[in-house]
Amino acid sequence: MAQRSDQLFPIAGHFPQQVGIDAYGNGGFRFAEMSHKGSLLCLPEGMQSWNVTTADALTLESLGPVLAQASNLDVLLIGLGTDIVAIDPAIRQALRDHRIIIEATQTGGAVRTYNVLLAEERAVGAALIAVEKAR
């Protein structure tokens with residue numbers, strides 16, 4: 001039986017290292033031999049729950065943890081769920097001001113690109129909105 005991330009994270013909703021994602025869908029993600037329900041931030045300081053459930057809820061405030069780790073990031077992949085929508089220009093500018101390149105796409109594409117860049121040991125992060133169906 002798969003273990004849930006809330007049972008294994010030392011701090012509720014936080015896994016203390018950045019790792020690749022094994023699977024996504026069914027409203028969550030699988031990584032580090034765990035299952036996490038809900039959206040996810042993948043950052044140099046670790047993986048953490050993210051309370052964003054739709055692209056409309058993407059704000060500078062919701063990306064606060066990303067900005068806090070900006071000095072350790074070159075690229076942020078944003079998985080917008082099943083659709084692709086325009087990112088608020090204020091968000092783009094704030095990330096640009098921190099020298100972070102952003103790429104916004106469907107969650108599946110963001111997961112795949114994140115895994116490749118992480119394997120290449122690039123300074124990558126991901127903000128991933130959970131989806132029900134993997135593509």
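Given the structure is predicted, the values throughout are model-derived calculations rather than measurements. Residue indices begin at 1 and follow the sequence shown.
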Visitor: Should V19 and Q17 count as side-chain neighbours, where that means a heavy-atom distance under 4.5 Å?
Guide: yes
Visitor: Flag the pair W50 / I129 as yes when at least one side-chain heavy-atom distance between them is below 4.5 Å, and no otherwise.
Guide: yes
Visitor: Measure from the side-chain N and O atoms of Q18 to the backbone N and O of V124, and report whether any donor-acceptor pair falls under 3.5 Å.
Guide: yes
Visitor: Show me the donor-acceptor pairs, under 3.5 Å and distance only, between side chains in residues 63-80 and residues at least two apart or in other chains.
Guide:
| from | atom 1 | to | atom 2 | distance (Å) |
| --- | --- | --- | --- | --- |
| Q69 | OE1 | E45 | N | 3.0 |

Visitor: Working to the nearest 0.5 angstrom, can you tell me the gap between F29 CZ and S49 OG?
Guide: 10.5 Å
Visitor: Please report the shortest heavy-atom distance between A94 and L60, naming the atom on each side.
Guide: CB-CD2, 3.4 Å
Visitor: Using modelled atom types and a 3.5 Å cut-off, is there a donor and acceptor pairing between side-chain atoms of S39 and backbone atoms of A130?
Guide: yes
Visitor: Do I21 and M47 have side chains that get closer than 4.5 Å, going by heavy atoms?
Guide: yes
Visitor: V85 and I91: same hydrophobic cluster, using ILVMFWY side-chain contacts below 4.5 Å?
Guide: yes
Visitor: With heavy-atom distances below 4.5 Å as the criterion, would you say the side chains of D88 and L58 are in contact?
Guide: no
Visitor: Look up atom CD1 in I87 and atom CD in Q93, then write down how far apart they are to the nearest 0.5 Å.
Guide: 14.5 Å
Visitor: Which heavy-atom pair separates S62 from A57 by the least distance, and what is that distance?
Guide: OG-O, 3.8 Å
Visitor: Are side-chain heavy atoms of L95 and I101 found at a separation under 4.5 Å?
Guide: no
Visitor: Roughly how far, to the nearest 0.5 Å, is CD of Q48 from CG of L43?
Guide: 5.5 Å
Visitor: Measure across Y114 and G125 and return the closest heavy-atom pair with its distance rounded to 0.1 Å.
Guide: CD1-C, 4.3 Å
Visitor: What do you reckon, is CD of E120 surrounded by more than 12 foreign heavy atoms closer than 6.0 Å?
Guide: yes
Visitor: Which heavy-atom pair separates A104 from I84 by the least distance, and what is that distance?
Guide: O-CG2, 4.4 Å
Visitor: Without swapping roles, check the side chain of K37 against the backbone of N26 for a donor-acceptor pair under 3.5 Å.
Guide: yes
Visitor: For Y24 and R112, what are the C-alpha separation, side-chain angles and deciding distance, and is it a side chain to side chain contact (heavy atoms under 4.5 Å, CB included)?
Guide: CA-CA 10 Å; Y24 70 97; R112 289 184 291 277; 3.5 Å; yes
Visitor: Does V52 share a hydrophobic cluster with I102, counting links as ILVMFWY side-chain heavy atoms below 4.5 Å and allowing steps through other members?
Guide: yes
Visitor: Just how far is it from atom CG of L118 to atom CZ of R122, taken to the nearest 0.5 Å?
Guide: 11.0 Å
Visitor: Between T113 and A110 (side chain of the first, backbone of the second, donor and acceptor by atom type, cut-off under 3.5 Å), is there such a pair?
Guide: no
Visitor: Any donor-acceptor pair under 3.5 Å linking the side chain of S35 with the backbone of R30?
Guide: no
Visitor: Using the rule given for side chain to side chain contact (heavy atoms under 4.5 Å, CB included), can you reason through F15 versus M34, listing the C-alpha separation, both sets of side-chain angles and the distance that settles it, and then say yes or no?
Guide: CA-CA 10 Å; F15 183 74; M34 294 183 278; 3.2 Å; yes
